[in-house]
Peer 1: 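Structure below; questions to follow.
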Amino acid sequence: MAEDKENRYDPAEIEKKWQECWAADPKLYAAETTSSNKPKYYVLEMLPYPSGQLHMGHVRNYAIGDALARQMWMRGYNVLHPMGWDAFGLPAENAALKNNMPPREWTLGNIAAMKRQMLRLGLGYDWATEITTCLPDYYRWNQWFFLRMAEKGLVYRKKSKVNWCPECATVLANEQVIDGCCWRHEDTKVEQRDLEQWFLRITAYAEELLDGLDKLEGWPEKVRTMQRNWIGRSEGTEVDFFLEEQGTGNRDQGSEKQRIRVFTTRVDTIFGATSVQLAPAHPLVAAFCAADPDLKMKVAGLLEEQKKAREAGDVGAIEKHGVPTGRFAMNPYNGARVPIWVANYILMDYGTGAIMSVPAHDERDFEFAAKYGIEVRRVIRPAFETEDPEALPFLSEDGVLVNSGEYDGLTCGEAQMRLQEAAERGKFGNAAVTYRLKDWGVSRQRYWGTPIPMIHCERNGLVPVPDEQLPVILPEQIEITQQGGSPLGRVPEFVNTTCPKCGGPARRETDTMDTFVDSSWYFYRYTDAKNAKAPFDPATAQYWFPINQYIGGVEHAILHLIYSRFWTKMMRDLGLVKNDEPARRLFTQGMVIKDGAKMSKSKGNVVSPDDMVARYGADATRMYALFAAPPDRDLDWQEDGVAGVSRFLGRVWRLVTKYAPVVHGEGTGFSPYAQSQKATEALAPEGTASGLSASLRRKLHQTIAKITQDFEGRWHFNTCVAAIMELVNELQDADAQLASGEIPAPVVRELLTNLVLLLAPFAPFIAAELWDQLGGEGVILRAPWPKSDPELAKEDEIEIPVQINGKLIAVVRVPSGSDAKAIEAAALADEKVRSRTVGKNVVKVIVVPGRAVNLVVK
RNA sequence: GCGGAAGUGGUGAAAUGGCAAACACACCAGCCUUAGGAGCUGGCGCCCAAAAGGCUUGCGGGUUCAAGUCCCGCCUUCCGCACCA
């Protein structure tokens, strides 16, 4: 194709033109009302933290979502495709310290910058529903929900050990501690501190959060597994060992204090319990220590070891240590007297903080007992003879009880049931379920977050802020310092208030909420973003929910995605929504890496989206992000690849602009509906017409079918782009025939307009411009998605590989639809096949019509 | 240790159990030129001087007429969980 200087593909110019055009039409990407007669489709990408700069991970995430949204618009859906800002959080305070700039100003400036980047990328969001979580019209509803949850008993305050990041000078949720370090500061060890904290009772929904995972078929199995592990449901038994009265050997059942409750999943092994192990932080340990200074010292050592291990994120590798307390406990089933120990590997915040130790049937107990010479008593005999009956510890539940009194001979499963029943009858235990999931600590001793709407009154204690006083506004004039504690505590105008109950002087709560609160329900707010009376209108939410397709990074598999599920269930129980789950389908895209490593400033391998867009345009950048790898896999960013996509778009540009006049000859303002028909008529006089026309149309209709299918299922957008490239390659190979007019104008129109339509979800700028140049009707975003005609897509002749004994020998061409007999005949007639079968015995011929032929020859 | 995903040319990758390497990138050769980060043509898994031919999807087995794909065992990498009683 000859190069025409005036007609070079100039993404900068095209994209500027269309960005302005789209900005002038704010309704373009707006959803219709809930009374629309189109089917609804809610596509959502995770909202970004406004750091001030989009990174390539964002670009990839949004390119996927935008392609889907655009295709759904073209398919005639009522599409909701919103965007917002997860705008609270620590970086704003750090920036304030560094640049002496108020967090609000810094944040809003960043939002403006990132919004500009998004517009430059041509992402189709309805900005009328934009939400910014750090503004009072949003965060007031965090407060409102907090109060509703408090009314439901889902909020409580508790002094507890918390993860403290010295760098952030604040508390972290368990989910924010990664390998013992802060999730934001990879090198900062998290410390343990005791503080009064606000908690949300997510564990009230533990069972439902777990059960619901089975129904989330549209979620990746990986995410569901991670959530299952995180919730960590464990079925077992709680049993009370009775504390022996000191020095007497008598068992004392007098009061609750005199019992030690343990949790076990293997109550069937209880006759093998030869000690009881307490967590160093167990309350009973403190009682023992009070009377025993020596013990106190040793326990302090254990506690320190545990704390260190926990801070190192290395609890699993701690060397097991313990100290005997000198006290004894009685097994409630048989009165067996066992020593009570304190051990560094027993955790106070799991189960009851105490265990029964059964060395014969638990690896850890076995190791501990071996170290300290504690008795090992076998109580389970293997059920299978393949097991060595003497080998210990024996961990399997395939066994039969021995040395267990009246329970001897029972299987482990039967024994567990019988022992539980006995415990309940004797009121010394019960069946119990324990979760690894902890309640959600939402308190943060920081400034830049939602103020917790509570008031401390000397007379009335904790008093919720009445609804009519919401929002509790975050003061804007504030000095951010590096001192510990909440900065809000140093703002008297904020702290000093009056008690809503008695009108007396009172203090406001100065903790703010974890920012995961903001993102737990933001997608509901999009449906009714301007509502000043409620977080959203339930009827509108019911129309849009559940989200049809949620797209984001897998790094949120447990944090955000479990909190959001909890929040939806909580709102359902408040009567606000009817759906049990927020999103029907979830897609987690892979990371964007460079040279095999995650992009990071420290590695110096960060590629800036702005650079890419400036050099190659938004279309090429986005399309490369979709082309370079399937969306669920990691993507290695290679700039040469972006250049390649840009060159491809240049070929499309030249091809379409070169033959646009042919299309114009057919009139403008067309609707693509009639195209196939018209093209078919154009070919009709000659019957089969030009073979090239037919084969180009075949390729087109195959491509349409492939891409349409992929949007519905596989989401392999990389192969969609490749398919468009193949189509363009074929068109380019037909350049001479296109130029000579050999291809009828209606066919040219069909080919080019559909090519542009297929390109629209992936490269919206060039598609919009070429649509215009072809004289397409209306905006391409509302043009109907192409429909593949199976008749036209069908091959006349297909190639069938012929194998002999599984090895490829020849390829024969047969008319498509040939039956097995015809294919077999064609295969046997092939010269190469004949030369190899002559004089030999063809034992068997396998013909898979349309697929292959295999001859078994001896 | 447990669970999950992945392993295919120089690179990114493609392949409902049926012609391995589509589509690109890089590279090589050539053409064109208004000298551009342009365009066009051809080549490009490995072995063999070439052809013919042979070999090839981490390794080893198996199922099957037929295996990158299914099954078993192993190795490597990445991710998640990890004294959870």
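Residue numbers start from 1 in every chain, and the chains themselves are labelled A, B, ... in the order their sequence lines are given, proteins ahead of strands. Keep in mind the model is a prediction, meaning the values are calculated, not measured.
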Peer 1: Any side-chain N or O of S234(A) under 4.0 Å from OP1/OP2 of A85(B)?
Peer 2: yes

Peer 1: Determine: side-chain N/O of Q709(A) to OP1/OP2 of U16(B), distance under 4.0 Å, yes or no.
Peer 2: no

Peer 1: Got a donor-acceptor pair under 3.5 Å from the side chain of Q803(A) to the base of G18(B)?
Peer 2: yes

Peer 1: Quick one: pull up CZ in R224(A) and CG in N229(A) and give me the separation to the nearest 0.5 Å.
Peer 2: 13.5 Å

Peer 1: Pairing check on G80(B): which nucleotide meets the Watson-Crick or G-U wobble criteria with it, both distances under 3.5 Å?
Peer 2: C2(B)

Peer 1: Could you check T352(A) against L808(A) and say which one's nearest nucleotide on RNA chain B is further toward the 5' end?
Peer 2: L808(A)

Peer 1: R633(A) CZ to U77(B) P: how many Å, rounded?
Peer 2: 19 Å

Peer 1: Regarding Y616(A) and D611(A), do their side chains bring together a donor and an acceptor under 3.5 Å, going by distance alone?
Peer 2: no

Peer 1: Side chain of K807(A), heavy atoms from C-beta onward: which of A13(B), G18(B), G54(B) has the nearest atom to it?
Peer 2: G54(B)

Peer 1: Whom does A22(B) pair with, Watson-Crick or G-U wobble, provided both distances fall under 3.5 Å?
Peer 2: none

Peer 1: For the pair made of CG in D634(A) and P in C79(B), what is the distance, rounded to whole Å?
Peer 2: 10 Å

Peer 1: Among the candidates G18(B), A85(B), G37(B), find the nucleotide nearest to the side-chain atoms of E639(A).
Peer 2: G37(B)

Peer 1: Looking at the angle O4'-C1'-N9-C4 for a purine or O4'-C1'-N1-C2 for a pyrimidine, is G9(B) syn or anti, with syn meaning within 90° of 0?
Peer 2: syn

Peer 1: What's the spacing between M226(A) CE and L559(A) CG if we round to 0.5 Å?
Peer 2: 8.5 Å

Peer 1: Hey, does L855(A) reach any base, or is it just sugar-phosphate, or nothing, if we go heavy atoms under 4.0 Å?
Peer 2: nothing

Peer 1: At under 4.0 Å between heavy atoms, what does R714(A) touch on the DNA or RNA strands: base, sugar-phosphate, or nothing?
Peer 2: sugar-phosphate

Peer 1: Check every atom of G37(B), G18(B), A13(B) against the side chain of Y616(A) and return the nucleotide holding the closest atom.
Peer 2: G37(B)

Peer 1: Taking atom P in both U11(B) and U63(B), compute the distance separating them and give it to the nearest angstrom.
Peer 2: 34 Å

Peer 1: Taking 4.0 Å as the cut-off, does a side-chain nitrogen or oxygen of R851(A) come that near to OP1 or OP2 on A15(B)?
Peer 2: no

Peer 1: What's touching nucleotides 22-29 of chain B from the protein side, N or O pairs under 3.5 Å?
Peer 2:
| from | atom 1 | to | atom 2 | distance (Å) |
| --- | --- | --- | --- | --- |
| A22(B) | O2' | E726(A) | OE2 | 3.2 |
| A24(B) | OP1 | N729(A) | OD1 | 3.3 |
| A24(B) | OP1 | N729(A) | ND2 | 2.6 |
| C25(B) | OP1 | R647(A) | NH2 | 2.9 |
| A26(B) | OP2 | R647(A) | NH2 | 3.4 |

Peer 1: Quick check: does any side chain N or O of R565(A) sit under 3.5 Å from a backbone N or O of L209(A), one acting as donor and the other as acceptor?
Peer 2: yes

Peer 1: Which value, in whole Å, describes the distance between the C1' atoms of nucleotides G37(B) and A15(B)?
Peer 2: 33 Å

Peer 1: Verify the distance criterion only: is there a donor paired with an acceptor across the side chains of T237(A) and Q420(A) at less than 3.5 Å?
Peer 2: yes

Peer 1: Using atom NZ of K658(A) as one end and atom P of C40(B) as the other, report the distance to the nearest whole Å.
Peer 2: 11 Å

Peer 1: Less than 3.5 Å between a donor and an acceptor, one on the side chain of N854(A) and one on the base of C65(B), is that the case here?
Peer 2: yes

Peer 1: Can you tell me how far P of G4(B) sits from CE of M226(A), to the nearest Å?
Peer 2: 14 Å

Peer 1: Between G73(B) and A13(B), how far is it from one C1' atom to the other, in whole Å?
Peer 2: 29 Å

Peer 1: In Watson-Crick or G-U wobble terms, both distances under 3.5 Å, what is the partner of G7(B)?
Peer 2: C75(B)

Peer 1: Counting only Watson-Crick or G-U wobble pairs whose two distances fall under 3.5 Å, which nucleotide matches U41(B)?
Peer 2: A29(B)

Peer 1: Between G54(B) and C59(B), how many Å separate the two C1' atoms, rounded to a whole number?
Peer 2: 22 Å

Peer 1: Quick one: pull up CD in E730(A) and CG in L727(A) and give me the separation to the nearest 0.5 Å.
Peer 2: 7.0 Å

Peer 1: Roughly how far apart, to the nearest Å, are C2(B) and A20(B) at atom P?
Peer 2: 38 Å

Peer 1: Using whole Å, what does the distance between atom P of nucleotide A38(B) and atom CG of L655(A) come to?
Peer 2: 20 Å

Peer 1: Hey, do the aromatic rings of F368(A) and Y345(A) have their centres closer than 6.0 Å?
Peer 2: yes

Peer 1: In whole angstrom, give the distance that lies between atom CZ of R8(A) and atom P of A35(B).
Peer 2: 11 Å

Peer 1: Take atom C1' in A14(B) and the same atom in U64(B), then report the distance between them in whole Å.
Peer 2: 25 Å

Peer 1: Only pairs with both distances under 3.5 Å count, Watson-Crick or wobble alike; so what is the partner of U69(B) in this structure?
Peer 2: none

Peer 1: Taking the side chain of R615(A) as its heavy atoms from C-beta onward, which of G37(B), G39(B), C81(B) lies nearest to it?
Peer 2: G37(B)

Peer 1: Return the value, rounded to whole Å, for the distance between atom CG of N805(A) and atom P of U64(B).
Peer 2: 15 Å

Peer 1: Assert yes or no for the condition that the ring centre distance of F428(A) to F241(A) is strictly below 6.0 Å.
Peer 2: no

Peer 1: Taking the side chain of R436(A) as heavy atoms from C-beta outward, which of G80(B), C40(B), A82(B) is closest to it?
Peer 2: A82(B)

Peer 1: Which nucleotide, in any strand shown, forms a Watson-Crick or G-U wobble pair with A13(B), with both distances under 3.5 Å?
Peer 2: none

Peer 1: At 4.0 Å (heavy atoms only), tell me whether E363(A) reaches a base, stays on the sugar-phosphate, or touches nothing.
Peer 2: nothing

Peer 1: Between A38(B) and C46(B), how far apart are the two C1' atoms, rounded to whole Å?
Peer 2: 35 Å

Peer 1: Between P on G4(B) and CG on D632(A), what's the gap in Å once rounded to a whole number?
Peer 2: 18 Å

Peer 1: Assess the side chains of T225(A) and Q227(A): does a donor N or O sit below 3.5 Å from an acceptor N or O?
Peer 2: no

Peer 1: Choosing from C81(B), A85(B), C40(B), which nucleotide comes nearest the side chain of W230(A)?
Peer 2: C81(B)

Peer 1: Taking the C1' atom in each of C40(B) and C32(B), what is the distance between them to the nearest angstrom?
Peer 2: 7 Å

Peer 1: Any chance the side chains of K706(A) and T719(A) put a donor and an acceptor closer than 3.5 Å?
Peer 2: yes

Peer 1: Going by atom types alone, do Q306(A) and N344(A) pair a side-chain donor with an acceptor below 3.5 Å?
Peer 2: no

Peer 1: So what's U64(B) paired with, Watson-Crick or G-U wobble, going by both distances under 3.5 Å?
Peer 2: none

